[in-house]
Protein chains: 2
Amino acid sequence: MKLDPRHLEILAAVVDEGGLTEGARALGKSQPSLSRTLSQLEHRIGAPLFEPGRRPLRPTELGRALAERGRQVLTANAAASSIVTKYRGGKSGLVRVGGTPVFMDGVIAGMIADFQQQNPDVRIDQSYGYAEDLTAALTAGTLDLAICPMRRDARAEGVEFQPILPGLNVVACRAGHPLMRRTLVTPADLAEFPWIAPPVDSPLYKDLRRALANIGTEAFKISFTGGTLASVISILTGSDALTVLPYSVVFMLRRQNTLGALSLQIGHPDRDLGLLTARAAPASPAAARFKAFVAKQFGGLAVTIQQHQQDMLWRGAR
Amino acid sequence: MKLDPRHLEILAAVVDEGGLTEGARALGKSQPSLSRTLSQLEHRIGAPLFEPGRRPLRPTELGRALAERGRQVLTANAAASSIVTKYRGGKSGLVRVGGTPVFMDGVIAGMIADFQQQNPDVRIDQSYGYAEDLTAALTAGTLDLAICPMRRDARAEGVEFQPILPGLNVVACRAGHPLMRRTLVTPADLAEFPWIAPPVDSPLYKDLRRALANIGTEAFKISFTGGTLASVISILTGSDALTVLPYSVVFMLRRQNTLGALSLQIGHPDRDLGLLTARAAPASPAAARFKAFVAKQFGGLAVTIQQHQQDMLWRGAR
DNA sequence: CCAGTTTCATAACATCACGTTATGTAGACC
DNA sequence: GGTCTACATAACGTGATGTTATGAAACTGG
């Protein structure tokens, strides 16, 4: 006995609403349609679903039992509809986001927390990688959004880059570091302190090398390498070590008052931090929503950073 | 967003079976049919349900979420099918059975217990009534089966009567009643004992009157009237009162050894105990099954009673 | 008991979704 | 790179589902 789940839905609606007319109205169909459908169903089953010759159509025991199942179909269907609606509104779904480790840990993780506060049904898969891997993952369709620094002129095939922050690295150290008191730090001052280096294949490592070369300090001693942002922060706060970090990361940590940035111009990398998305496949609503959220947050962040720098400048000039 | 529950079923089957081909086989449909249906569903939803360009078709997060709902639809549908199958096999449903009070309590109740032992999903609504009411209820469709005594020549309109036992009433009393020792009881012996009378509108009451008239005893004192079988038995066992009961009822109670029947010919009523069913509406499978069960039980009962009587006769003759 | 109202059943018809077979195409695997 | 398997597409027939119009039957009130 194979039944059509739609027939069960109709039966449930008619039983629950108390009549064909009401049931038809509830389902948005015509009354004769339901009448015929239920007649056919009764004929197929070979047993009456409604007591014959009763005008306010009353279900039999069997009709009630089957209506119960129809109710289950209706609720499952409604749940499915809700899932689709939420998905299309970006309120639900999966977002696979990747980026350079330090940015993800230092900046994006906080934004993800804010985003999930408002969108609890959106699942976020975070992964780490550098521009090349991220681009590959995006074109392969295994990633929805990447957040990484990228050269302004670099146009990778099949991906779209949307700059959100100018690249700006600073020399970071613990809040009470000896060099923090100086209003101006010279390259020579840096020589005596140990350095924490990012992984050698990271853009940040290149930035570090380039920054030190610009300053004129080629020889520097590396005391720690390979850790994630969390371990870097631990070591920085527990020692007088220095490292190069994106200013945005240092800025986001300002509330904890554990890290500071030296007043030292180390030269901007020729890259912008930005959002990388695949050009081919249209992003899922949740991914698009998350992307828009991140972009907006960074917009606010850029303004805040600017205000903060103005403030620091003003206080420094005083 | 209104979805077709059948599409969800198909999605669930494909996701669970791991492919279109397997899903099609599981549903008893062709592979292209599912392919097109799911394509349309994806198009309607506006989002992919399966990761594109993967050969062992792998569902997306959304696809999995909707498949979960489809699974609910499938289980509800399967449950509905099971209900129908059990209903058609008479293994489930509602049986409304009515009959004369004493018979229902004394004989049928025990059969109902046996029936429900084997058919736990069949619900039985028991009601009481006499031939006239029962016939009316049957033709009105508010009763599936009636069990009552009926004259052999009485043919009510629209109902069918199937005799199952010859009507046979006996004078009943408690097991240790003074009259029980006598091998032969005369009408005069009955005069000194009080009588329990059934309700005056019951056929049993008429039987009592007729039986006593046949015997020649018109004047008898009635000490109790109006109770159900349970109270009649209580009073019989606690006193030396007499009453008229169908022999089948006394026989069914033989195990308890509380009641006995006097060796007194009181004349058979011109009625048979039988099953009354509506001729018009075909009985529900469960009702038909119950009717067959009761008929078979009574068949066995008739044989047992006969053997018992033979046995009694033989012992009495010895 | 009768008239009015409501509620369901039936008829006739159009359309679209579904199921079929045949066939093309693209990952996957060795 | 060749082959196999699995999915997608095409073309077509049929049947179920939707519609409106209308009839019949049952509940309502006086």
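Reminder, nothing fancy here: chain letters follow the sequence lines and each chain counts from 1.
Two residues are said to be in side-chain contact when any heavy atoms from C-beta on lie closer than 4.5 Å; B:Q31 and B:S35 meet this criterion.
Residue contacts shown for B:Q40 are limited to sugar-phosphate atoms, with no base heavy atom under 4.0 Å away. Within 4.0 Å of A:R6, counting heavy atoms only, lie sugar-phosphate atoms of the nucleic acid but no base atom. Using a 4.0 Å heavy-atom cutoff across all strands shown, A:S30 reaches at least one base atom of the nucleic acid.
The 5' end of DNA chain D is approached more closely, in terms of each residue's nearest nucleotide, by A:L34 than by the other of A:G53 and A:L34. Remark on DNA chain D: of its neighbouring residues B:G18 and A:K29, the 5'-side contact belongs to B:G18, judged by nearest-heavy-atom nucleotide.
The separation between A:R58 atom CZ and D:dA25 atom C1' is 17 Å, rounded to whole Å. Rounded to an integer number of Å, the gap from CG of A:L41 to P of D:dA16 is 13 Å. Per the geometry, CZ belonging to B:F50 stands 9 Å off P belonging to D:dA8, to the nearest Å. To the nearest angstrom, C1' of D:dT9 lies 13 Å from CG of B:L20. In this entry the distance linking CZ of A:R54 with P of C:dT7 reads 16 Å, nearest Å. Note: CG (B:L27) to P (C:dT20) measures 11 Å, nearest angstrom. Between the CD atom of A:E17 and the P atom of C:dT7 there is a distance of 13 Å, rounded to whole Å. Between the CG atom of B:D4 and the C1' atom of C:dC16 there is a distance of 13 Å, given to the nearest Å.
At a cut-off of 3.5 angstrom, counting only N and O atoms as typed in the model, there is a donor on one side and an acceptor on the other between the side-chain of B:R36 and the base of C:dG19.
Side-chain N/O atoms of A:T21 include one lying less than 4.0 angstrom from OP1 or OP2 on C:dC8. Not one side-chain nitrogen or oxygen of A:H7 sits closer than 4.0 Å to the OP1 or OP2 atom of D:dA16. A close approach under 4.0 Å does occur between a side-chain nitrogen or oxygen of A:S33 and OP1 or OP2 of D:dG18.
Using a 4.0 Å cut-off between charged nitrogen and carboxylate oxygen, B:E22 and B:R25 do not count as a salt-bridge pair. Between A:E9 and A:R6, none of the side-chain N atoms (NZ, or NE/NH1/NH2) sits under 4.0 Å from a carboxylate O, so this pair counts as no salt bridge.
In the set C:dA28, D:dC7, C:dT20, C:dA28 carries the atom at the smallest distance from any side-chain atom of B:P56. Comparing C:dA22, D:dG18, C:dA9 by their nearest atom to the side chain of A:T37 picks out D:dG18.
Note that CG of B:N77 and NE2 of A:H7 are 10.5 Å apart. Values are rounded to the nearest 0.5 Å.
Between the side chains of A:D105 and A:Y128, at least one donor-acceptor pair of N or O atoms lies under 3.5 Å.
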